[in-house]
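Right, one structure below, let's go through it.
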Amino acid sequence: MGVGIMLILISTFEIWLLYQLLFGTVLDKEYLLKREWGIIWGNIAVMGVLLGINRSLTFFSQDIFVICIVFNCICILFIKKQHKKTVVVIIILYYTVTALVDFFFAFMGMMILRQEFDRVVYSYANSWVECILFTCSRLLVAGGISIVNKRKLEELYIYEFQGILLVIAIIMCVMLRKYQILIVGMIYENRENEAGIIGISLVSILLLISFISGLFLKDKVLKKEKEFLIMRDEMVTQRFHELESVMEQNRQLSHDLKNHFIILRGYGKEGNCEGICNYIDGVEKEYFSVKVYSWIGNPVADMLIEQKRVLAEKERIVFDIDIVPIDDWPFTDNETCSLLGNLADNAIDACKRIKQEDKWISLQIEKQKQFLFIRISNPIDVMPAMKKGRPVSVKQDKRKHGYGLKSVERVVYKYNGVITFQIEQNIFEVVISF
């Protein structure tokens with residue numbers, strides 16, 4: 001009876017660990033409702049009991065493995081409405097890795113128990129040895145989850161890594177099936193002496209996959225950080241050029257100041273007050289027209305918008321900005337660049353492709369009560385192809401394009417926002433709400 005309760009507690013801890021992984025990657029527990037917390041704890045309790053009862057009968061069951069994945073996916077998808085594929089992949093990956101770690105400790109136990117392994121651990125065992133193996137496995141998995149959560153990989157990166165995570169999950173599932181067949185064959189063919197070699201091969205493959213995946217993910221993160229740094233450098237360079245222009249104007253003003261005084265003195269001797277005023281207005285327009293733009297109130301956002309406005313005007317595109325200052329701008333500098341930078345770049349590219357002379361971009365950002373709205377629109381002359389409600393890149397190499405919009409969507413979905421694309425009377429509009 002005590003062993004059965006212990007197996008249930010260990011299994012409950014396993015489901016709880018899954019949610020810790022999800023909280024560290026794709027779920028934000030701060031915004032969960034009471035109903036959603038009820039679903040989570042109900043899932044943990046029900047699946048913990050079912051898993052515990054099943055493990056008192058057999059060490060590993062392929063059927064209960066699939067049931068766990070399906071049941072947990074259903075519960076999570078009631079909470080996480082977006083990026084369902086990513087959530088499912090993470091759940092599959094978690095259970096598969098956990099099962100493979102179980103098999104590693106099973107092989108280690110087989111080295112010690114030999115012919116007694118089936119009776120003591122694998123089939124209808126219900127023993128403390130089985131509890132110890134499961135506990136060691138869960139503690140190792142908990143350590144791995146702790147490392148993942150400490151690194152605080154941004155959710156928007158996780159969505160981009162969905163493809164590689166899916167490949168890893170498929171490889172792990174194939175491995176799981178292979179080692180399940182191996183352990184059953186070793187039990188019934190009395191080949192327990194091979195357990196050490198098989199266990200070493202299992203952990204070696206897991207470490208190799210983890211190492212290669214880590215390198216690949218690190219390379220992706222570095223590339224994204226490089227893109228952000230390049231964009232930031234461009235904005236700093238733009239500000240430097242603006243400052244240089246202001247300094248040049250000041251030098252010209254200082255050089256011409258003597259001549260200005262001569263002219264003003266001449267107007268004064270003539271008593272021509274109107275001439276003095278007009279002359280001062282002209283000098284002011286020429287030398288003091290530099291403005292410090294502050295729309296949102298966030299330095300990076302303001303700098304980025306100004307850079308895109310200047311870039312648009314160089315292309316003879318009117319950039320209309322209608323922004324209400326926002327005290328609590330919610331995005332990080334990186335996310336601000338991804339969100340506003342890519343929206344503006346896409347609008348500028350669209351305007352450059354049209355033939356009409358009247359080219360314009362309208363950017364609106366406002367906050368109403370607790371909701372933040374971002375609208376950006378521009379004219380088009382060709383209706384873009386739409387796929388699943390989003391525009392398809394018109395550039396020739398589609399494998400290398402379309403990432404700007406994906407970056408925008410990752411930021412939007414991270415903050416549980418909604419993005420829509422509207423086309424009306426040859427005007428393309430992107431509307432985002434948070």
From [X] [atom1] over to [Y] [atom2], what is the distance, rounded to the nearest 0.5 angstrom?
X: S377; Y: I361; atom1: OG; atom2: CD1; value: 9.0 Å
X: L17; Y: T98; atom1: CG; atom2: OG1; value: 7.5 Å
X: L165; Y: I92; atom1: CG; atom2: CD1; value: 11.5 Å
X: I69; Y: I64; atom1: CD1; atom2: CD1; value: 11.0 Å
X: I39; Y: K34; atom1: CD1; atom2: NZ; value: 15.0 Å
X: F23; Y: L18; atom1: CZ; atom2: CG; value: 9.5 Å

Does I171 CD1 have over 12 foreign heavy atoms under 6.0 Å away?
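More than 12 within 6.0 Å, yes.
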Counting neighbours of CH2 on W41 that are heavy atoms of other residues, nucleotides or ligands and sit closer than 6.0 Å, is the number greater than 12?
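No, the 6.0 Å shell around CH2 holds no more than 12 heavy atoms from other groups.
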What closest approach, in Å, do [X] and [Y] show between heavy atoms, and which atom pair accounts for it?
X: V89; Y: L166; answer: CG1-N, 3.7 Å
X: V101; Y: S137; answer: CG1-OG, 3.2 Å
X: I79; Y: E36; answer: CD1-O, 3.7 Å
X: A301; Y: N298; answer: N-OD1, 2.9 Å
X: V87; Y: I76; answer: CG1-CG2, 3.2 Å
X: I376; Y: L343; answer: CD1-O, 3.6 Å

Donor-acceptor contact below 3.5 Å, side chain [X] vs main chain [Y]:
X: N54; Y: L50; value: no
X: T25; Y: L21; value: yes
X: S56; Y: I53; value: yes
X: S201; Y: I198; value: yes
X: S210; Y: L206; value: yes
X: N342; Y: S338; value: yes
X: E335; Y: T332; value: yes

Report yes if some heavy atom in the side chain of [X] is under 4.5 Å from a heavy atom in the side chain of [Y]; otherwise report no.
X: L340; Y: I296; result: yes
X: I419; Y: F421; result: yes
X: P379; Y: I354; result: yes
X: C173; Y: Y95; result: no
X: L7; Y: C131; result: yes
X: Y179; Y: F107; result: yes
X: I365; Y: W329; result: yes
X: I183; Y: M110; result: yes

Could you walk me through whether R55 and S11 pass side chain to side chain donor-acceptor pair (under 3.5 Å), step by step?
CA-CA 9 Å; R55 282 167 178 163; S11 301; 3.1 Å; yes
Note: [X]-[Y] ion pair, threshold 4.0 Å (strictly below):
X: D102; Y: R138; answer: yes
X: K367; Y: D328; answer: yes
X: K355; Y: D381; answer: no

Evaluate side chain to side chain contact (heavy atoms under 4.5 Å, CB included) for L202 paired with M175, printing each intermediate quantity in order.
CA-CA 9 Å; L202 172 57; M175 285 178 58; 3.8 Å; yes
Working for side chain to side chain contact (heavy atoms under 4.5 Å, CB included), residues C75 and I40:
CA-CA 7 Å; C75 290; I40 291 173; over 6 Å; no
Side chain to side chain contact (heavy atoms under 4.5 Å, CB included) between I317 and N378, intermediate numbers included:
CA-CA 10 Å; I317 302 170; N378 55 269; over 6 Å; no
Please enumerate all residues that pass side-chain hydrogen bond (donor to acceptor under 3.5 Å, both in side chains) together with E313, with sequence neighbours excluded.
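Expected list: R309.
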Residues in ring pair (Phe, Tyr, Trp, His ring centres under 6.0 Å) with F373, at least two apart?
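Per chain and number, F373 pairs via ring pair (Phe, Tyr, Trp, His ring centres under 6.0 Å) with no residue.
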Run the ring-centre check on Y122 versus F60 and record whether the distance is less than 6.0 Å.
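Distance test on ring centres: not under 6.0 Å, no.
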Do Y19 and N43 pair up side chain to side chain, a donor and an acceptor below 3.5 Å, judged on atom types alone?
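Yes.
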Is the ring pair Y415/F331 parallel, tilted or perpendicular, if the boundaries are 30 and 60 degrees?
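Because their plane-to-plane angle is over 60°, the rings of Y415 and F331 count as perpendicular.
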Which residue, F103, F59, F105, forms the ring-ring contact (aromatic ring centres under 6.0 Å, His included) with F134?
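Going through the options one by one, the only one that passes is F59.
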Pair V49-L51, side chain to side chain contact (heavy atoms under 4.5 Å, CB included): steps then yes or no:
CA-CA 6 Å; V49 172; L51 269 176; over 6 Å; no
